[in-house]
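Heads up: numbering here begins at 1 and tracks the sequence. Both ligands and their constituent atoms are indexed starting at 1 by order of listing. These numbers come from a predicted model, not from an experiment.
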Amino acid sequence: MALDQQTIRGLAEHLETCELRALDTLKITDEHPSMDWDDAYAIQDDILRRKLARGARLIGLKAGLTSHAKMKQMGVDSPVFGFLVDSFSVPEGAEVKVKELIHPKVEPEIAFVLKRALKGPGCHIGAVLAATDFVLPGIEVIDSRYRDFKFDLKSVVADNTSAARFVVGGRAMRPDRIDMRTLGVMMEKNGEVVSIGAGAAVLGHPAAAVAALANHLGRRGQEIPAGAVVLSGGVTEAISVEPGDHVGLRIQHLGSVSLNFAPACRCTSPEGNITMPFAQIYMVEGRTPEQKKAVIEKVSQALVEATGAPIANVRVWIHEMPKENWGIAGVSAKDLGR
Ligand code: 0L1
Ligand code: MG
């Protein structure tokens with residue numbers, strides 16, 4: 001590993017903060033060009049650790065960049081792996097809050113649910129099919145935290161492979177009832193077909209992506225647990241979505257699943273639309289940096305709730321006043337010892 005523990009923790013905090021506040025950032029290898037693969041996965045692990053410490057549940061895993069269409073779209077040549085926690089899961093047909101995301105895109109996926117744990121090395125398609133309880137259609141919403149989706153593969157891995165939201169639904173099918181390679185996949189946006197493909201686009205067979213994930217985890221002494229949902233990777237390239245969009249996915253024999261993206265909020269004030277709400281806070285000098293950070297966070301959230309504006313647009317200023325600059329009941333705060 002090239003990075004020390006403190007740097008790994010700092011980068012995990014930075015990327016997770018970007019995720020939670022829908023803020024974009026430059027790819028982290030710009031500042032840390034020596035970062036290696038172990039560092040990248042260690043940063044991803046630390047993001048998971050942070051979420052679990054706050055009560056999140058690990059509910060699944062994902063393989064990304066498993067189709068030639070996605071590899072070509074991203075200019076890369078190998079898959080990457082990430083995790084799924086409960087807060088990423090969206091119920092079938094529900095609304096995704098676009099203001100919580102930076103620049104979401106959707107991908108059609110074949111999702112696996114395992115009845116038995118899978119551990120590499122040496123995991124293969126046959127072992128995956130034997131351990132799979134059922135497969136079903138899934139839409140993954142990816143949202144790279146990197147500005148304009150400009151990144152390299154290590155930065156993507158550290159950023160939990162752009163994982164943001166997902167939905168699974170449709171018809172659960174046992175793997176021996178279908179040939180996943182020839183399953184037709186069609187994704188629609190607002191009623192228009194935006195991408196079509198077949199299961200074989202994912203590494204020749206979607207189960208190969210799950211085997212690759214098990215082998216990757218095996219090298220790290222981990223496994224895919226029983227009951228986990230595994231997204232095997234986008235069958236086609238990812239499609240950008242906007243507020244108000246409706247996305248539907250149909251997979252042959254597996255039925256359909258859909259997502260709505262919340263319409264843009266009309267944030268009105270007497271002056272018209274508020275696109276960039278701001279607040280100025282006056283406080284007596286002497287607060288610690290942590291106290292000021294907490295005030296900025298709370299006020300920013302309150303502005304988001306009050307105006308519906310995306311958090312990325314919110315601005316908060318703190319002005320610090322010397323004690324002699326304010327008074328209570330006609331007496332200087334300084335003289336009052338406040
Ligand atoms: O699930 C995926 O294929 C995401 C891979 C990460 C790269 C991206 O943001 O498209
Ligand atoms: Mg994906």
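- Counting only protein N, O or S atoms closer than 2.8 Å to the Mg ion (ligand 2) gives 3.
- Between Val128 and Thr132, the shortest heavy-atom contact is O-OG1, 2.6 Å.
- Using a 4.5 Å heavy-atom threshold, the side chains of Ile318 and Met283 count as touching.
- In summary, the aromatic rings of Tyr41 and His216 are positioned with their centroids under 6.0 Å apart.
- Under a hydrophobic clustering in which Ile, Leu, Val, Met, Phe, Trp and Tyr are joined whenever their side-chain heavy atoms come within less than 4.5 Å, directly or via other members, Leu20 and Leu58 fall into different clusters.
- Side chains of Asp4 and Thr7: a donor on one and an acceptor on the other come within 3.5 Å.
- Residues His246 and Asn190 have side chains that never bring a donor and an acceptor to within less than 3.5 angstrom of each other.
- Protein residues with a heavy atom closer than 4.0 Å to ligand 1 are Lys62, Gly64, Leu65, Lys70, Met74, Glu107, Glu140, Ile142, Phe149, Phe151, Val156, Thr161, Ser162, listed by chain and number.
- For Lys62 and Thr161, the side-chain atoms include at least one donor-acceptor pair closer than 3.5 Å.
- No salt bridge links Lys154 with Asp152; every basic N to acidic carboxylate O contact stays at or beyond 4.0 Å.
- Cation-pi check for Lys51 over Phe83 is not met; the charged atom does not lie both under 6.0 angstrom from the ring centroid and within 45 degrees of its normal.
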